[in-house]
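Below: the structure, in structure tokens.
Ligands are counted one by one from 1 in listed order, and the atoms in each one are counted from 1 as well.
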Amino acid sequence: MSIKVNYNNMMQYALGDKGIADAQLKECDILAQSAHFLVEAGRGKDMQGWMDSPYDQSEVVKSIKATATRIRKSCDNFVVLGIGGSALGPIAVFTALKHYYYNELPKKLRKGPRFYVVDNVDPDRLNNLFDVINVEKTVFNVITKSGATSETMSQYLIVMDMLKAKLGDKAREHIIATTSQSKGNLIKLAQKEGFETFFIPDGVGGRFSELSPVGLLPAAVVGIDISKMLKGARDMDRKCRSRYYTKNPALALAVLQYISMKQGKNISVMMPYADNLKYIADWYAQLWAESLGKETDKNGNVVNVGQTPVKALGVTDQHSQVQLYNEGPFDKVIAFLEVENFHSDVTIPEGCADFPDVNFLCGHTLSELMHNELYATRYALTRRGRANYTISLDTVDAYNIGGLLYLLQLQTAYAGAMLNVNAYDQPGVEGGKDAAYALFGRKGYESKAKEINSSKPDLDKYII
Ligand code: PA5
């Protein structure tokens, strides 16, 4: 496994009195061991089916690969319709592992369909998509575990209507459903219409689903080696089997964040120094926020815990957010994602000998610049007592991305256990969904509608 976690800069050793003492880590040892025990005891059970994803999918992988091969030969566009956990993983993995301008490449170089993920219901965005794709040469992958999400089901209805108008009975060949086998509307529609279908196991929740068919089918369609992704996840899982945080990187990261939260560090920044990892930070934001941001713990006590995730990009955000990180409140933990070896490089040419302030760059490469800027930012933050750690990948490939996703999922599960919260529900999201149903007059939500209608009206004096 070529992923390393370096947490020197979380510790008093590097940060002085702003850091965590070895003794503080040791004090958490028993709690960390019991979090590890709980997560292991739940492996594969209830909502921890995601821990089986790296191991038990050989048949699914075979059929995903067969479908992907067919789509790669026959269609021009592949569009994912989904939201939240049913979209962020496919976006993150595609961006990490494919050419930065994949859709603009000629087909000969792409060797597969163009790839789009529509994870919103902005009408302009959907209409804009229809301006650039020919639906007759497109396969739409409708992904919703619950088969009930209004946004995804609306997209499905719009697309299906359009396909039926253009293609009649052949419309069904342009939809692939990825959903729960046992519940929801999409599975019923899929059976009625005869769509090809992949199943999301019951124990795999949306934000933990990238290594299930949710992420594996889109990845395979764009030519990503999904077996290597799963192998990376498997190897990371084996690397994280120890109950001691000193030997288990996911547990160490959970303990460090747990102590940081107790110290009032309520913001968790993820800052990749590589454009292709930008959306890993997006995916992680959902994972961390939705899993840990909870009002009550498992015993029903009001705890209001969680960290606010912030996405940043190195070096771009050095010129926007890093000022705050260096001099603002001590309320953040910054997780850098470092790539040791880029796939290519560019040398900054000579030509500025008369301008020493620019000339010092000449002859160096952009990857050197990237590495030095990361080093320099980390150094400056550490000198000012700002907590940070680094996850380094020797290179960005399918194996390491599978490992990274699994590492972060495991960190989240351990952190949930340490905080004693249910990391797998999202009552706060359901509240908003119910209110939206009520606003649309959905049957069964009459009392919610009544509640909304009786809420305080906006006062004119507060509207300018
Ligand atoms: O993590 C989760 O479970 C959620 O964010 C879901 O992924 C999101 O709400 C979409 O749900 P579904 O896949 O059921 O459409």
The closest protein heavy-atom partner of atom 4 (C) of ligand 1 is Glu290 OE1, 3.4 Å
**Message:** Angle between ring planes, Tyr424 versus Phe208, binned at 30° and 60°: parallel, tilted or perpendicular?
**Reply:** tilted
Lys145 heavy atoms within 4.0 Å reach ligand 1 at atoms 12 (P), 13 (O), 14 (O)
inquiry  = Distance to the ring centre below 6.0 angstrom and angle to the axis at most 45 degrees; does that hold for Arg386 and Phe330?
reply    = yes
Looking at ligand 1, does any of its N/O atoms fall within less than 3.5 Å of an N/O of Thr152? no
Closest to atom 7 (O) of ligand 1 among protein heavy atoms sits Gly85 N, 2.9 Å
Would the Tyr445 and Phe440 ring centres measure less than 6.0 Å apart?
no
Handout entry: Arg238/Asp235 salt bridge by N-O under 4.0 Å criterion
Key = yes
To atom 5 (O) of ligand 1, the nearest of Lys433, Glu430, Gln286 on a heavy-atom basis is Gln286
> Does at least one non-hydrogen atom of Ile83 fall below 4.0 angstrom from an atom of ligand 1?
Replying inline: yes
A student checking ligand 1 against Thr149 at a 4.0 Å heavy-atom cut-off should list atoms 11 (O), 12 (P), 14 (O), 15 (O)
Take a 6.0 Å sphere around CD of Gln181 and say whether it holds more than 12 heavy atoms from other residues, nucleotides or ligands. no
message = Can you confirm whether Lys107 is buried at NZ, in the sense that more than 12 heavy atoms of other residues, nucleotides or ligands lie under 6.0 Å from that atom?
response = yes
heavy-atom search around atom 3 (O) of ligand 1 in the protein gives Gly206 N, 3.4 Å
